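Here, residue 1 is the first one in the sequence, and each next residue gets the next number. Every value quoted in this text rests on a predicted model; they were computed, and no experiment measured them. Just so it is clear, the values below take in all heavy atoms, side chains as well, and ignore hydrogens, waters and symmetry mates.
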Amino acid sequence: KATRIGKSYRITRDALEDFTGESAVPAARRARHIEVSTVVTIDAASRELHDRLVTALTSSVNGRAHTTPVRIDAAYDEARARLKIIVSADADVTTALLGLVSLIAGDRP
């Protein structure tokens, strides 16, 4: 059963459930998920620093099971001695990875 209103049809929930044989109530909502995308730029960086950071970050992520996806990308511009690291993960993982970057790269020349 449906009711026509203009060019649209309206159907009651009960009629829809009878027709489809399924509940019209939406499935349980997903759990809330927070993802952080962070870009870290390090000037006066060397190729060795790039290699050390990428190795440390990758092994840190690969050594653990994560409930949400973790992505790490890095690019090194040799002409400018500039390193960019992009981290996409949940807030806790991002915080831990940024701590590792700070520990390895520091603010020292």
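Hydrophobic cluster membership differs between Ile72 and Val36, with clusters built from Ile, Leu, Val, Met, Phe, Trp and Tyr side chains linked at under 4.5 angstrom.
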Check step by step if side chain to side chain contact (heavy atoms under 4.5 Å, CB included) holds for Leu53 and Asp51.
CA-CA 6 Å; Leu53 279 170; Asp51 295 343; over 6 Å; no

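Here the shortest heavy-atom pairing between Ala74 and His50 reads CB-NE2, 4.0 Å. Across all non-hydrogen atoms, the minimal contact from Ala15 to Ile11 is CB-CG1, 3.6 Å.
Counting only residues at least two apart or in different chains, salt bridge (Lys or Arg N to Asp or Glu O under 4.0 Å) contacts with residues 33-43 comprise Asp43-Arg82.
Residues passing the side chain to side chain contact (heavy atoms under 4.5 Å, CB included) test with Arg10, sequence neighbours excluded: Ile5, Ser8. The side chain to side chain contact (heavy atoms under 4.5 Å, CB included) search around Ala81 returns Tyr76, not counting sequence neighbours. For Ser46, the side chain to side chain contact (heavy atoms under 4.5 Å, CB included) partners at least two apart in sequence or on another chain are Glu48, Leu49. With sequence neighbours excluded, the residues forming a salt bridge (charged side-chain N to carboxylate O under 4.0 Å, His left out) with Arg71 are Asp73, listed by chain and number. Arg80 meets the salt bridge (charged side-chain N to carboxylate O under 4.0 Å, His left out) test with Asp77; sequence neighbours excluded. Contacts of Asp14 classified as salt bridge (charged side-chain N to carboxylate O under 4.0 Å, His left out), with partners at least two apart in sequence or in another chain: none. Taking the side-chain hydrogen bond (donor to acceptor under 3.5 Å, both in side chains) definition, one finds that Asn62 meets it with nothing, sequence neighbours left out. Residues that satisfy the side chain to side chain contact (heavy atoms under 4.5 Å, CB included) test with Leu100, not counting sequence neighbours, are Ala56, Leu57, Ser60, Ile104.
Side-chain contact check for Leu98 versus Thr38: some heavy-atom pair is nearer than 4.5 Å. Thr3 has its side chain out of reach of Thr12: every pair of non-hydrogen atoms, C-beta onward, lies at least 4.5 Å apart. The shortest distance between side-chain heavy atoms of Glu78 and Arg47 falls below 4.5 Å.
Val54 belongs to no hydrophobic cluster with other residues, because no ILVMFWY side-chain heavy atom falls under 4.5 Å from its own, directly or through intermediates.
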Which pairs would a plain distance check flag for residues 84-92, meaning a side-chain donor or acceptor within less than 3.5 Å of a matching protein atom at least two apart in sequence or in another chain?
unit_1, atom_1, unit_2, atom_2, d
Ser88, OG, Ser37, OG, 3.3
Asp90, OD1, Asp92, N, 3.2
Asp90, OD1, Val93, N, 2.8
Asp90, OD2, Thr68, OG1, 3.4

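Put simply, CG on Leu97 and OG on Ser102 are 12.5 Å apart, with the number rounded to the nearest 0.5 Å.
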